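Just follow the structure's listing: the first ligand is 1, and inside any ligand the first atom is 1. Not measured: the values here are computed from a predicted model.
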Amino acid sequence: MTPRRVRFAPSPTGALHIGSLRTALFNFLTARSTGGTFILRIEDTDQGRYVPGSETQILASLRWLGLQWDEGPEVDGPYAPYVQSLRTELYRAAAERLLASGGAYWCTCTPERLEAMRAAQRAAKQPTRYDRRCFGRQDEVDAERAAGVPAVVRQRIPDGSVSWQDLIRGEVRYRYTEIDDSVLLKSDGFPTYHLANVVDDHEMRITHVIRAEEWIPSTPKHLALYAAFVWEPPAFAHVPVVLGPDKLKLSKRRGAPDVLTYRDQGFLPAAVVNAMALLGWSSGTTEEVFTPEELIGRFEIERVNPAPAIHDPKRLEALNGLHIRRLSEADLVEALRPWLPTLSAEQIATLVPLLRERLPRLDDAAALVAPLVGDVSVPEGADFPPRGVDVETARLLLERCAAEVEGGALDDPTALRLRLTALVEERGVKARDAFRVLYLALLGAPAGLPVFDAMVFIGAESCAARLRAALARLPAA
Ligand code: GLU
């Protein structure tokens, strides 16, 4: 496939959630799977919506996910700078060209006039759009501008209609009578999204524009701009909107956290990338678990489904557990280190077989491991012995277990388990019930990591101490 030059073009208006970063991922996968180039461009021309710090956060989110850009901020490239506020001369020059060719015109309508115009249109049940009052009086407008009246540059939308072959949706068609003469250059000389976006996509040689569905109504305007500049337009792919499990648009306010929150909650970037890829894309098989490399091998933007995608946090958590299970021992030890800061790499390695299957998230490790390393006793107020176990059986079990571990039985914990099973079953008590006595005594809770494996980690001496302390907690027979 010919290499595709694609871009992710976020506006620094806040941190990004999984739905917005899914657009970045589809661009990244398109670039990597075609041997192309992934460009990051910061679209910061709307100073009113600028949120300080969000650019840094966007870069950090992309890096954490492993979506490294080939050209863009902090990397540079042949079309630098990749931040629109540093490129305003280019947009002004482009606007001049459009004014000269008739693709745009000056407008001095005041906000009050525009508001009155829209109110009248609404009252007449007409769509609200600019009535082109200034288009027919450019000489007057020139005089007004010369006298210092603030003016904007508007796009002259052509007549007729326009269509494009969307890579995800097939043919999309618009009548130009439906489209407003949007502002391209504001009175402060700053471009709007439409002008800056098209100029940069052209200047940066973008071949495929992959962006969210909400931009579909902008595409007819952009195609009119390409035509007015006599530039070849890129191909377009509009990716489906992402909804929450409640079928409402995903948003930060409604349970879609900033993606770096996932990092802080013990999610693996590979799992988040996997979950994002499934927001609209499928491999065409029932398989759902993919590493980033596997995604690069399989992804095709043409296979994305146009229907809204649902982000289910439970699926993300399940995928995270599956990705954790797939890590090599060394990688899992490395991934766990920040979550178990008091343990050495060697200690974590001995725990890995116990933890691997039990971690939907890495941050679950601390709670599972705490009883192995901390002070543990039968919790106050716990039923002890627990229901289903008589006091005498509990006493025998605790005494026997303590004696066994002191005698070296932890060299073979499986054999110890079998002997203790026989002991309690002879007394008519189910092993599953009886071993809750051991859980409470050794782990301080009726369940947790497999207790015989945990004993090996805790060590014979501490185990015996915990078992004897638990004996003292039993009521008199
Ligand atoms: N700056 C726009 C955004 O924030 C980019 C849209 C596009 O990709 O054209 O989503």
Once you restrict to heavy atoms under 4.0 Å, what part of Phe8 touches ligand 1? Side chain, backbone, both or neither.
neither

Ring geometry between [Y] and [X] (parallel below 30°, tilted from 30 to 60°, perpendicular above 60°):
X      : Y      : answer
Phe38  : Phe28  : perpendicular
Phe236 : Tyr226 : perpendicular
Phe267 : Tyr262 : perpendicular

Atom 1 (N) of ligand 1 has as its nearest protein heavy atom Glu43 OE1, 2.6 Å

How far is atom 4 (O) of ligand 1 from its nearest protein heavy atom, and which residue and atom is that?
Ser11 OG, 3.2 Å

Do Thr207 and Pro234 come within less than 4.5 Å of each other through their side chains, counting heavy atoms only?
no

Taking only heavy atoms of Asn197, which atoms of ligand 1 are found under 4.0 Å from at least one of them?
7 (C), 9 (O)

So, does Arg7 sit close enough to ligand 1 that a heavy atom of it is under 4.0 Å from the ligand?
yes

Is the closest N or O pair between Ala9 and ligand 1 shorter than 3.5 Å?
yes

For the residue pair His238 and Arg211, confirm or rule out a side-chain donor-acceptor distance under 3.5 Å.
yes

